[in-house]
> 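Just dropping this structure here.
If you're wondering where the values come from, they're calculated on a predicted model, not measured in any experiment.
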Number of protein chains: 2
Amino acid sequence: MSADPAIRRDIPDATVARLPEYLRALSDVADRGISSVSSEELAQAAGVRSTQLRKDLSHLGSYGIRGVGYEVEHLALEISRALGLTQDWPVAIVGMGNLGRALAAYSGFATGGFHVAAVFDEDAALAGALVADLPISPMTDLALLVRERGITIGVIATPAASAQSVCNALVEAGVRSLLNFAPLVLVVPDDVDVRRVDLSTELHVLAFHEQRKSLPPELGVAR
Amino acid sequence: MSADPAIRRDIPDATVARLPEYLRALSDVADRGISSVSSEELAQAAGVRSTQLRKDLSHLGSYGIRGVGYEVEHLALEISRALGLTQDWPVAIVGMGNLGRALAAYSGFATGGFHVAAVFDEDAALAGALVADLPISPMTDLALLVRERGITIGVIATPAASAQSVCNALVEAGVRSLLNFAPLVLVVPDDVDVRRVDLSTELHVLAFHEQRKSLPPELGVAR
DNA sequence: GCAACTTTGTGCCCGCGTTCACAAACGCTT
DNA sequence: AAGCGTTTGTGAACGCGGGCACAAAGTTGC
């Protein structure tokens, strides 16, 4: 009845953000040899409410069996398909400082179709040095390698000072999805997606809540 | 008229998440020798709308001057105070793999009262080795050092397999704010805050949007 | 000292996301 | 085959956060 090919459109952003976690939880469950889970079990493993899980999954389609639960392998496949993990995603990392090197070596990278296809650094003196079995390329080769290797995702792991120019180079080369580790807001065209990961911001938020905990002189709200 | 001490309560989470960015934008502005900014200028530097910036700041208090703007240094101080950055925050990092070492060396750590007070690894063989001028301590010293050095924030940079046990040890030692880089949902008591940073999740979300860009056979929505 | 201009602070509305409540659907037992 | 228990899928209510419009308040110029 329902169309087979990726049917659903307009999956809410909030749902998309949780799908990777569901996928990870499913992987855990599968590793334990379990082939079927209820929304309640899976939700607990993913740290959300079961109703939320079911509503999220409902945006993908009806892949559960009422009275039983979800078939682990099948659901994992459907989520992977929705996220686009059934295809290969070559990634470029720019900035081979401590962080860039750690990212290049990060094993979690390998999960779900991603792989480091090239690494770059603005310091031409580093060119040729090996990082996780890959030679560091100079920025002048960026456009060429992006084209040759079909790179669609760029990771910026440079200092803040050079992040915008590196970003411009990536966009110029045709990369439209960026993961930014530099502590600044990048300016990009509308069709480019940027996600930012900032250690400093996370620490600040933690400090805020920690402060609230230590000085509760008034206002005893739940949180 | 208005009380001087940290007056405002219940700052929305969404606002708190943006305050660090405002602080960074203010720092940039200050570096350019500017002493006063309008909400419009500052908002642009922080990548938000000016109305949003003003509403966010209104939760802290009235620190702007109508017809003029905000005094850069004063506003930075007030945001710092709201976030709790006027005090010192000793941080412990657990897991001295590639990522842990990169984090320990990360300069952005130093901003706003944070500093790495101790680093740990479950591998006792690493004990004593220097990372960013700090000797790696064995996990058996965790409780002692947390107490001695007043550590309130813990960073988990271990593999997923050991993350939960490390988390338990940190919580047991009295740490109530955690930054988790391991790809799993930690189980913690209600009074413990956990923020998670996951490269894999970010890549998945990017892949989703990238996929949507490449295959636009139907539905020409704005996004 | 007054008027015109500028910029902040905020009340109100709207849209998104989360949760609740419940009906629909499935397996199992008798 | 029919009923019972279980679990999914979803319509509806609710609450939070963002953006608009505007009043309040301050500055500048004359």
Side-chain angles (χ1 to χ4, degrees), chain A residues 1-2 7-19 21-22 25-26 29 34-72 74-76 78-79 82 205 208 221-223, chain B residues 1-2 7-19 21-22 25-26 29 34-72 74-76 78-79 82 205 208 221-223:
Chain A
M1 199 31 144
S2 56
I7 351 155
R8 304 301 176 131
R9 276 99 192 77
D10 69 290
I11 301 178
D13 285 347
T15 294
V16 173
R18 282 186 293 267
L19 289 181
E21 188 57 38
Y22 299 157
L26 280 170
V29 169
I34 302 171
S35 63
S36 176
V37 280
S38 68
S39 62
E40 187 58 44
E41 296 169 296
L42 192 58
Q44 199 156 354
V48 299
R49 310 267 172 190
S50 64
T51 56
Q52 175 139 279
L53 175 79
R54 289 201 300 276
K55 174 141 288 190
D56 282 341
L57 294 184
S58 76
H59 291 123
L60 310 186
S62 264
Y63 301 123
I65 305 167
R66 298 181 188 221
V68 179
Y70 298 88
E71 207 267 308
V72 175
H74 180 218
L75 183 57
E78 290 301 339
I79 295 179
V205 175
F208 172 81
V221 196
R223 220 293 151 63
Chain B
M1 201 29 141
S2 57
I7 350 153
R8 306 298 177 135
R9 274 99 193 81
D10 68 292
I11 301 178
D13 285 348
T15 294
V16 173
R18 281 186 294 268
L19 289 181
E21 188 56 38
Y22 299 158
L26 280 170
V29 169
I34 302 170
S35 64
S36 177
V37 281
S38 67
S39 62
E40 188 58 45
E41 296 167 297
L42 192 58
Q44 198 156 353
V48 299
R49 310 266 173 194
S50 64
T51 57
Q52 176 140 279
L53 175 79
R54 289 201 299 276
K55 175 151 290 189
D56 283 339
L57 295 183
S58 76
H59 290 123
L60 310 187
S62 265
Y63 301 123
I65 305 166
R66 299 182 188 218
V68 178
Y70 298 88
E71 208 267 307
V72 175
H74 181 218
L75 183 57
E78 291 300 339
I79 294 179
V205 175
F208 172 81
V221 196
R223 221 290 150 61

> In this structure, how many angstroms lie between the P atom of dG11(D) and the NE2 atom of H59(A), rounded?
10 Å
> Check nucleotides 28-30 of chain C for protein N or O atoms closer than 3.5 Å to its own N or O atoms and list the pairs.
none

> Identify, with sequence neighbours excluded, every residue that meets side-chain contact (heavy atoms from CB on, under 4.5 Å) alongside A82(B).
L60(B)
> To 10°, what angle do the rotation axes through the five end pairs on each side of the helix from dG1(C)-dC30(D) to dT30(C)-dA1(D) form?
10°
> Kindly point out which of dT10(C), dG17(D), dT8(C) is positioned nearest to the side chain of S58(B)?
dT10(C)
> Flag the pair V205(B) / D13(A) as yes when at least one side-chain heavy-atom distance between them is below 4.5 Å, and no otherwise.
no
> With sequence neighbours left out, write down each residue that passes side-chain hydrogen bond (donor to acceptor under 3.5 Å, both in side chains) with T51(A), or none if nothing qualifies.
none
> Tell me, please, which residues at least two apart from I34(B) pass side-chain contact (heavy atoms from CB on, under 4.5 Å).
V29(B), R32(B), V37(B)
> Take the protein atom CG of L57(B) and the nucleotide atom C1' of dT8(C), then report the distance between them rounded to whole Å.
10 Å
> Could you pull out all residues at least two apart from A76(A) that satisfy side-chain contact (heavy atoms from CB on, under 4.5 Å)?
L23(A), L26(A)
> Which whole-number value in Å describes the distance from I11(A) CD1 to dC16(C) P?
16 Å
> To the nearest Å, how far apart are I65(B) CD1 and dT8(C) C1'?
10 Å
> Can you pull the salt bridge (Lys or Arg N to Asp or Glu O under 4.0 Å) pairs that have at least one residue in residues 45-66 of chain B, sequence neighbours excluded?
R18(B)-D56(B)
> For dT8(C), take OP1 and OP2 only and decide whether either is under 4.0 Å from a side-chain N or O of S39(B).
yes
> Which residues pass the side-chain hydrogen bond (donor to acceptor under 3.5 Å, both in side chains) test with Q52(B), not counting sequence neighbours?
none
> In this structure, how many angstroms lie between the P atom of dT7(C) and the CG atom of L75(B), rounded?
16 Å
> Is there a side-chain contact between Y22(B) and L53(B) in this structure, where contact means two heavy atoms from C-beta onward sitting under 4.5 Å apart?
yes
> Round to the nearest Å and state the distance from Y70(A) atom OH to dT7(D) atom P.
12 Å
> Which of these nucleotides, dT8(C), dG17(D), dT18(C), is closest to any side-chain atom of D13(B)?
dG17(D)
> Between atom OH in Y63(A) and atom P in dA25(C), what is the gap in whole Å?
18 Å
> What residues, two or more places apart in sequence or in another chain, satisfy side-chain hydrogen bond (donor to acceptor under 3.5 Å, both in side chains) together with E71(B)?
none
> dG9(C) P sits how many Å from L60(B) CG, rounded?
10 Å
> Who passes side-chain contact (heavy atoms from CB on, under 4.5 Å) against A45(A), sequence neighbours left out?
A25(A)
> Would you tabulate the pairs of protein nitrogen or oxygen atoms and nucleotide nitrogen or oxygen atoms of nucleotides 19-25 of chain D closer than 3.5 angstrom?
residue, atom, partner, partner atom, Å
dG19(D), O6, K55(B), NZ, 2.4
dA24(D), N3, R66(B), NH1, 2.7

> By salt bridge (charged side-chain N to carboxylate O under 4.0 Å, His left out), which residues pair with E41(B), not counting sequence neighbours?
none
> Would you say a side-chain N or O of S62(B) is under 4.0 Å from OP1 or OP2 of dG9(C)?
yes
> Under 4.5 Å between any side-chain heavy atoms of L19(A) and F208(B), yes or no?
no
